[in-house]
Amino acid sequence: MLDAKLFRADLQSLANELARRDYVLDIDVVNSLEDRRRDLQTKTQELQNQRNQRSKEIGAAKARGDDIEPLLAEVNDMGDELKRCEHDLAELQGKLQAISLSVPNLLDASVPNGKSEDNNVEVRKWGEPRQFDFDVRDHVDLTSDLSRDGALDFDSGALITGSRFTVMRNEIARLHRALAQFMLNLHTAEHGYTELNVPFIVNSDSLTGTSQLPKFAEDLFALEGDSGYYLIPTSEVPLTNLVRDKILSPDDLPIKMTAHTPCFRSEAGSYGKDTRGMIRQHQFEKVEMVHIVHPEKSWDALEELTGHAEAVLQKLELPYRVMTLCSGDTGFAASKTYDIEVWLPGQDAYREISSCSNCTDFQARRMKSRFRNEDGKTELVHTLNGSGLAVGRTLVAVLENNQQQDGSISIPTVLQPLVGADTILKPTNG
RNA sequence: GGAGAGGUGGCAGAGUGGUCGAAUGCGGCGGUCUUGAAAACCGUUGACGGGUUAAACCGUCCGGGGGUUCGAAUCCCUCCCUCUCCGCCA
């Protein structure tokens, strides 16, 4: 949510700014609603003031023991108009609120203009894609042989649930678990994060706070019944909302949290996309990093956060590149986003494995997350989030990058203690 | 699932229809004292919106929503949450 003052001042430049995202702000509608709101609010407050005055007079008269009947008669018919004004005002404010909840965050000046991911800009590259002297297989071909020791079992996922669900067995399941462990250990031991274990089900206030609602409800899995609960699409939601409706002390900042959770996404509108393998699933696991910071520190924090995600890939010896998302590809709440794309030999391409965003005060304003600043005034914090990393996609990357000619997978050194082996998926016979 | 008790400012905790946005304590901030600090004492200290150069000033907010009333923290309805006891249970 943007500062309401922006909707009252220079609407045209706000509209121009939002146009970078192809978001069309209807200036006339906002203007007319704002005008009516201002008039009605003034009038309502005047009437409220009158009512308060009269009520106090009656109270005082009664305390003195005077006859209050004449005063009561005088004040009798005031209520209707006030009620009407209050009702109309609430309705107007509801409309303005709905608009402001649907407006995306302002982009940082450093974000390049562009329509789609094709216009994202490479910031840096790390590692060299490995040259293979045999035919490269993708993670599906590498793991779908059920006769072998470990497997990615897509058929069973479809059997027990449906499409875009996967069952992992044996060594693959263990490698997956090892990856999540490794990431958590790294972030807590070396990057200064507090580890949290949070609910995987959240209420709509939390989803509104981080801005998945009201606009992106169709991306979520909602629970049946009248609880109003949803499965989390990312642990960004529970982690960030820990500071909802809070006034923090400056000493509390920065807050750096990490958690390993499943993520549930309906993937509405992605029917033909990434249907092969476990790149795009309805359920996947992710180690998330969230920063709650002083507003002046958030841009430094974005670099730091991105570096923490990169550190995971470097220790796993996986080649990647860092991209600045262009204006058209940057998410709703973000002012600026770095995507980290890992090299996938099976796709002969870099694919997103982490997304690190500075949401500035956008989520904080929705959540009313503030701190008491140097002057003793309340001020909105800035929030950041990033994947550190998507575990399933990291699994894919390890499998594809570390494959051997015989179909086995060599395990990165840092994972070997957790996996308990230096090679998995060894052929059982010749 | 059943019974009961509660939800009030950063925290604790009074307040049961009329200057109550709310006593008091803690914490925070400023000061006195002190070489400095602590203690003690004095003062100050809610959030949000409108308004102003700044103030004054006005409005809203006592878990959420609705109602009664000239007037609601206080009464009524409803939902949510917390605690205690019982039952069930990983």
Side-chain angles (χ1 to χ4, degrees), chain A residues 1-9 30-31 33-101 197-209 213-214 222-223 225-230 238 241-253 255 292 294 361 363-381:
Chain A
M1 196 157 69
L2 302 178
D3 190 340
K5 289 193 178 73
L6 291 173
F7 293 94
R8 294 169 197 170
V30 175
N31 261 332
L33 285 173
E34 263 302 326
D35 286 348
R36 282 167 56 207
R37 191 220 96 237
R38 192 177 309 120
D39 290 349
L40 199 52
Q41 188 165 344
T42 310
K43 190 176 171 192
T44 304
Q45 293 187 356
E46 267 168 25
L47 288 170
Q48 286 171 329
N49 184 17
Q50 283 177 32
R51 178 203 59 197
N52 292 345
Q53 303 267 334
R54 300 296 181 81
S55 296
K56 276 181 185 170
E57 282 168 29
I58 292 172
K62 205 173 166 188
R64 271 183 261 114
D66 294 355
D67 180 17
I68 60 168
E69 283 306 321
L71 287 169
L72 283 180
E74 198 183 320
V75 86
N76 233 348
D77 53 341
M78 264 186 59
D80 288 346
E81 196 186 2
L82 176 57
K83 261 194 185 130
R84 205 166 46 243
C85 282
E86 283 177 337
H87 173 268
D88 292 351
L89 181 62
E91 197 176 297
L92 260 181
Q93 283 174 327
K95 283 182 187 165
L96 282 162
Q97 175 79 354
I99 291 174
S100 80
L101 284 174
N197 189 293
V198 291
F200 306 155
I201 296 175
V202 293
N203 59 34
S204 61
D205 284 345
S206 292
L207 287 158
T208 305
L213 289 179
L223 299 199
D226 50 12
S227 68
Y229 292 164
Y230 296 81
N241 274 280
L242 283 167
V243 296
R244 175 154 55 86
D245 290 317
K246 294 270 194 294
I247 299 176
L248 302 164
S249 147
D251 308 337
D252 296 335
L253 304 178
I255 298 172
I292 311 294
H294 189 288
D361 61 7
Q363 294 179 323
R365 186 170 292 106
R366 288 174 167 243
M367 296 190 300
K368 298 182 180 65
S369 300
R370 294 151 292 169
F371 74 105
R372 209 164 285 286
N373 69 15
E374 298 75 8
D375 303 325
K377 304 266 194 210
T378 58
E379 190 176 340
L380 294 168
V381 298

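Just so you know, these numbers come straight off a predicted model, no measurement behind them. Below, chain A is the first sequence line, B the second, and so on; all start at residue 1.
- Taking atom C1' on both nucleotides, B:G17 is separated from B:G13 by 23 Å, rounded to a whole Å.
- Nearest-nucleotide positions on RNA chain B for A:E379 and A:A60 put A:A60 closer to the 5' end.
- At a threshold of 4.5 Å between non-hydrogen side-chain atoms, the residues A:D245 and A:M367 do not count as touching.
- In this structure, B:G21 forms no base pair with any nucleotide, since neither Watson-Crick nor G-U wobble geometry is met with both distances under 3.5 Å.
- Remark: A:R365 engages A:D361 in a salt bridge (charged side-chain N to carboxylate O under 4.0 Å, His left out) (not counting sequence neighbours).
- In this entry the distance linking CG of A:D252 with P of B:G28 reads 14 Å, nearest Å.
- Using a 4.5 Å cut-off on side-chain heavy atoms (C-beta onward), A:D252 and A:F371 make no contact.
- No side-chain N or O of A:N49 forms a donor-acceptor pair with one of A:Q45 less than 3.5 Å apart.
- Proximity of A:Q93 to A:Q41: side-chain heavy atoms (C-beta onward) are separated by under 4.5 Å at one or more points.
- For A:D251 and B:C29, the CG to C1' distance is 14 Å, given to the nearest whole Å.
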Seminar exercise, completed: The contact string for nucleotides 72-83 of chain B, one letter per nucleotide 5' to 3', using protein heavy atoms under 4.0 Å with B, S and - for base, sugar-phosphate only and none, comes out as ---------S--
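- If you take atom P in B:A73 and the same atom in B:G21, they sit 8 Å apart, rounded to whole Å.
- Rounded to whole Å, the C1' atom of B:A14 lies 28 Å from the corresponding atom of B:C85.
- Following rounding to the nearest Å, A:L82 (CG) and B:G71 (P) show an atom-to-atom distance of 9 Å.
- Regarding A:I58, its CD1 atom lies at a distance of 14 Å from the P atom of B:U19, rounded to whole Å.
- Side-chain nitrogen and oxygen atoms of A:R370 include at least one within less than 4.0 Å of the OP1 or OP2 phosphate oxygen of B:C48.
- The distance from atom NZ of A:K56 to atom C1' of B:G71 is 11 Å, rounded to the nearest whole Å.
- Summarising the base pairing, B:C88 is matched to no nucleotide, lacking a Watson-Crick or G-U wobble pair whose two defining distances lie under 3.5 Å.
- Phosphate contact (OP1/OP2 of B:G59, side-chain N/O of A:N52, threshold under 4.0 Å): present.
- Of all heavy-atom pairs between A:L253 and A:V381, the closest is CD1-CG1, 4.2 Å.
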For this session: Let me see the working for A:R36 and A:D39 under side chain to side chain contact (heavy atoms under 4.5 Å, CB included), right down to the final yes or no.
Result: CA-CA 5 Å; A:R36 282 167 56 207; A:D39 290 349; 5.9 Å; no
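- Nearest-nucleotide positions on RNA chain B for A:K377 and A:R38 put A:K377 closer to the 5' end.
- Rounded to whole Å, atom C1' of B:C57 lies 11 Å from atom CD of A:Q53.
- If you take atom P in B:U8 and the same atom in B:U82, they sit 14 Å apart, rounded to whole Å.
- The nucleotide whose nearest atom lies closest to any side-chain atom of A:Q48 is, among B:U60, B:G10, B:G50, B:U60.
- Nearest heavy-atom pair across A:I201 and A:Y229 is CG2-CB, 3.4 Å.
- We find that CG of A:N373 is positioned 14 Å from P of B:C29, with the value rounded to whole Å.
- Between the P atoms of B:G46 and B:G9, the separation comes to 14 Å (whole Å).
- Checking B:A47 for Watson-Crick or G-U wobble geometry (two distances, each under 3.5 Å) identifies B:U60 as its partner.
- Pair assignment for B:C26 gives B:G10, based on Watson-Crick or G-U wobble hydrogen-bonding distances that are each under 3.5 Å.
- Side-chain atoms of A:S204 never come within 3.5 Å of backbone atoms of A:G228 as a donor-acceptor pair (strictly under, hydrogens ignored).
- Between B:A47, B:C70, B:U68, one nucleotide has an atom nearer to the side chain of A:K83 than all others, and that is B:U68.
- The CG atom of A:D35 sits 15 Å away from the P atom of B:G50 (whole-angstrom rounding).
- Look at B:G4: its Watson-Crick or wobble partner, with both distances under 3.5 angstrom, is B:C83.
- One finds a side-chain N or O of A:N49 lying less than 4.0 angstrom from the OP1 or OP2 phosphate oxygen of B:G59.
- When the side-chain nitrogen and oxygen atoms of A:R37 are compared with OP1 and OP2 of B:G49, none of them lie within a distance under 4.0 Å.
- Distance from the side chain of A:R372 is smallest to B:G46 among B:G46, B:C58, B:G50.
- Comparing B:G65 with B:U74, their P atoms sit 13 Å apart, to the nearest whole Å.
- Pairing of B:A73, defined by two Watson-Crick or G-U wobble distances under 3.5 Å, is not identified with any nucleotide.
- Pair check for B:A40 finds B:U32; Watson-Crick or G-U wobble, both atom distances under 3.5 Å.
- Salt bridge A:K83/A:E86: absent, no basic N to carboxylate O contact under 4.0 Å.
- When the C1' atom is compared between B:A72 and B:A90, the two are found 46 Å apart, to the nearest whole Å.
- For A:S55 and B:U69, the shortest distance from a side-chain N or O to OP1 or OP2 is not below 4.0 Å.
- Of the candidates B:G71, B:G49, B:A47, B:G49 carries the atom nearest the A:Q41 side chain, counting heavy atoms from C-beta on.
- A gap of 16 Å separates the P atoms of B:C57 and B:U52, to the nearest Å.
- Across all strands, A:T378 comes closer than 4.0 Å only to sugar-phosphate atoms, never to a base (heavy-atom distances).
- In this structure, the nucleotide among B:A47, B:G49, B:C70 sitting nearest to the side chain of A:Q45 is B:G49.
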